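I have placed the structure first, in the form of structure tokens, so that the comments after it can refer back to it.
What you see is a predicted model; the values in this text were computed from it and never measured. Here is the naming used below: chain letters follow the sequence lines, and residue numbers restart at 1 for every chain.
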Amino acid sequence: MGGNYRLRQLHSSCPIPTINFKSAKPKISYSSKKTSTSQNNKKLQNFSTTDSDIVKWNIAITTHMRNGLCESALRVFNSMSRRSSNAFVDEAREIFDKMPLKNGISWNGLLAAYVQNGRIEDAKRLFESKMDWTLVSWNCLMGGFVRKRRLLDARSVFDRMPVRDEISWNTIITGYAQNGEMEEARRLFEESPIQDVFAWTAMVSGYVQNGKLDEARSIFDRMPEKNSVSWNAMIAGYVQCKRMDMARELFEEMPSRDASSWNTMITGYAQSGYIAHARNLFDNMPQRDSISWSAMIAGYSQNGCSEEALHFFVEMQRDCERLNRSSFTCALSTCSSIAALELGKQLHCRLVKAGYQTGCYVGNALLAMYCKCGSIDEARDAFQEILEKDVVSWNTMIHGYARHGFGEEALTVFELMKTTGIRPDDATMVSVLAACSHAGLVDQGSEYFYSMNRDYGITAKLVHYTCMVDLLGRAGQLEEAQNLMKNMPFEPDAATWGALLGASRIHGNTELGEKAAQIIFEMEPHNSGMYILLSKLYAASGRWSDAGKMRLEMRNKGVKKVPGYSWLEVQNKIHTFKVGDTSHPHTDKIYTFLEEMDLKLKQEGYISSTKMVFHDVEEEEKVHMLKYHSEKLAVAYGILYIPAGRPIRVIKNLRVCEDCHNAIKYISKIVGRLIILRDNHRFHYFEGGSCSCRDFW
DNA sequence: ATAGGGTTAG
């Protein structure tokens with residue numbers, strides 16, 4: 001959508017001439033404003049084939065045509081079609097159809113433009129529209145199918161080819177190798193008349209990607225004349241298996257290292273948790289490229305060092321390295337993990353400027369960020385902006401809706417997904433079942449569960465059974481839930497019992513809840529979530545002292561809270577909550593928050609807060625209660641103090657003192673009326689409503 | 001037109 005928009009803007013500022021080819025000498029008529037010949041000729045002088053502006057290409061072509069220089073126009077077109085970006089492919093096609101003169105290069109160029117932009121169906125249609133294609137075209141089409149993992153189609157192209165060169169062989173070998181069919185890849189490799197370095201490397205890489213390190217190494221060792229790509233493929237293999245010692249050995253041993261070698265090692269160290277090693281390599285490498293930067297941003301982010309990740313994002317620009325899709329993606333992902341909505345929005349603005357928001361990876365990260373921050377409307381918009389939605393896009397949107405209590409919407413998206421030809425995977429079904437659970441749609445959920453194998457070939461895993469236990473349990477069918485647990489082909493794990501415990505809590509079955517909790521404690525003695533759930537179970541049935549005991553026991557056993565879920569993680573849209581709707585995940589979190597606080601205060605010897613009744617209270621009253629409890633928490637921790645009568649949202653300039661770090665690592669953000677506290681000590685201060693990263697820009 | 005490095009959800 002963004003691309004089209006940009007195109008429209010370009011059109012309106014600079015009209016594209018249309019050509020009438022019917023007359024012998026091409027005449028040009030203009031869609032709107034008239035541009036003089038001399039003006040166009042002047043523009044042609046400034047035209048360069050490195051130009052990314054489609055309008056300039058069009059002018060170049062039409063000016064040549066007007067001057068009767070069909071050959072020149074053809075040359076321009078052929079250069080253009082080969083490098084068309086997705087937004088311009090249709091433009092290229094339009095001109096292509098009007099060209100009076102086409103040669104093999106034009107046809108190939110258009111075909112390649114389709115293939116490169118993932119439009120394999122268009123490529124196929126074009127290919128079928130004529131007979132005499134060159135070898136390059138055959139190879140190109142086959143490569144397109146391989147990239148789309150459509151092996152059968154690729155093979156049929158390969159079999160139908162009139163002649164084959166080594167590229168044809170290598171392409172089909174790569175196809176099998178990258179799709180786990182190493183036997184066939186090997187057969188073709190041996191059958192191939194020419195085994196060049198591409199073929200050898202494709203085999204090494206194939207074994208690596210299929211986790212067969214020994215086979216990869218044996219091919220690698222037997223390989224004549226290796227180049228750096230081969231070395232890098234082998235190093236990547238060790239990196240994947242977290243064998244950094246072996247990777248390092250090869251890295252030191254290889255005759256000449258290129259940027260890829262360094263980047264592979266950096267990523268390897270970062271993903272194995274050795275972020276300092278990664279940094280060391282990054283600092284010492286001879287020439288960093290944009291991928292090195294992205295790798296570092298991702299590395300810091302994945303190791304919980306959000307601030308450093310964002311610093312690197314900023315530093316990257318200072319180093320004159322242009323921000324690319326990948327760096328945006330990583331930075332957005334970082335924002336997700338710390339629920340930094342304001343910063344995320346700033347990034348959103350910037351990537352719209354860069355025209356990146358329609359990309360799949362970036363779009364998915366943006367969508368996830370909005371979901372994580374509870375901005376479901378913005379999430380939906382981001383979702384719609386993604387041009388080629390993949391399974392992750394759909395899963396994230398469905399999960400986002402389900403998680404925020406919009407079960408019906410989640411299912412609507414799922415129905416839509418089915419019509420697009422993107423196959424739902426097991427993660428999709430988890431979200432779909434969760435959506436049914438939240439919407440109370442037991443029958444529909446069961447239908448999905450029992451038909452997912454038939455419809456999509458997805459075998460139910462334990463996690464799906466756990467969803468079903470949750471679905472039945474939430475709907476009050478505790479008997480059925482237990483029966484399912486007895487009869488399912490897996491042993492229930494702590495999460496399954498947790499679903500039963502949660503259901504018991506909602507429906508006030510203390511006995512069953514206790515039983516489930518007992519089993520969970522045996523399985524996972526340090527599972528903090530279960531202590532909390534059991535405590536909530538007691539609290540729900542009014543057994544406050546038992547609830548308190550659970551908390552104490554948890555503390556005495558030295559159970560650590562799950563990082564990232566410290567105390568409260570609520571989103572910023574409290575006004576959308578339905579009061580008393582216990583199925584709403586936010587309501588759940590508010591309960592947790594208030595109960596935790598209440599107990600904490602009691603344990604710390606503060607005057608007990610009032611018993612919380614959230615059902616049927618007015619919005620205003622709810623806010624008041626939240627404010628009341630927040631104040632108590634503030635006093636208890638000495639972190640912040642809210643003067644009586646002031647709404648919470650006016651709190652600003654919080655500073656977390658050293659003493660509080662053990663209890664709550666820091667306060668990350670204040671959004672609206674709610675406080676988000678997070679277990680992370682990276683940021684030391686914040687201003688209300690925005691995080692300190694704003695200073696970066 | 002073929003081989004290697006970074007990025008997305010849970």
Which nucleotide in [options] has an atom nearest any side-chain atom of [X]:
X	options	result
T174(A)	dA3(B), dA9(B), dG6(B)	dA3(B)
A295(A)	dA3(B), dG6(B), dG10(B)	dG6(B)
T171(A)	dT7(B), dT2(B), dG6(B)	dT2(B)
V197(A)	dG10(B), dA3(B), dG5(B)	dA3(B)
A368(A)	dA3(B), dG6(B), dA9(B)	dA9(B)
S228(A)	dA3(B), dG6(B), dG4(B)	dG4(B)
Y361(A)	dG4(B), dA9(B), dT7(B)	dT7(B)

Please confirm whether any donor atom in the side chain of [X] sits under 3.5 Å from an acceptor in the base of [N], or the reverse.
X	N	result
D289(A)	dG5(B)	yes
T264(A)	dG5(B)	no
N227(A)	dA3(B)	yes

Q. Just by distance, with hydrogens left out, do R279(A) and Y300(A) show a side-chain donor and acceptor under 3.5 Å apart?
A.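 A pair is found: one side chain offers a donor N or O, the other an acceptor, under 3.5 Å apart.
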Q. Any luck finding a side-chain donor-acceptor pair between T134(A) and S137(A) under 3.5 Å?
A.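 Side-chain D/A pair, T134(A) to S137(A): present.
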Give a yes/no answer on whether the side chain of [X] brings an N or O atom under 4.0 Å of OP1 or OP2 in [N].
X	N	value
Q302(A)	dT7(B)	yes
R325(A)	dT8(B)	no
Q357(A)	dT8(B)	no
Q209(A)	dG4(B)	yes
T267(A)	dG5(B)	no
Q271(A)	dT7(B)	yes

Quick one: [X] [atom1] to [N] [atom2], roughly how many Å, whole number?
X	N	atom1	atom2	answer
M203(A)	dT2(B)	CE	C1'	14 Å
I386(A)	dT8(B)	CD1	P	14 Å
E388(A)	dT8(B)	CD	P	19 Å
M429(A)	dG10(B)	CE	P	18 Å
F328(A)	dT7(B)	CZ	C1'	13 Å
M161(A)	dT2(B)	CE	P	13 Å
W262(A)	dG6(B)	CH2	C1'	17 Å
N179(A)	dA3(B)	CG	P	13 Å

Q: Kindly confirm whether the side-chain ring of F198(A) is stacked on the base of dT2(B), judged by centres under 5.5 Å and planes under 30°.
A: yes
**Q.** Set of residues satisfying side chain to side chain contact (heavy atoms under 4.5 Å, CB included) with respect to A112(A), sequence neighbours excluded
**A.** Q116(A), C140(A)
Q) Is D153(A) paired with R155(A) through a side-chain N to carboxylate O contact shorter than 4.0 Å? A)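 Not counted as a salt bridge, because no side-chain N and carboxylate O are separated by less than 4.0 Å.
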Q: Could you walk me through whether R243(A) and D245(A) pass salt bridge (charged side-chain N to carboxylate O under 4.0 Å, His left out), step by step?
A: CA-CA 5 Å; R243(A) 291 290 308 272; D245(A) 49 335; 3.5 Å; yes
Q. For Y361(A), is the NZ or CZ atom of R325(A) found under 6.0 angstrom from the centre of its six-membered ring and inside 45 degrees of the ring axis?
A.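 Judged by the rule, R325(A) and Y361(A) form no cation-pi pair.
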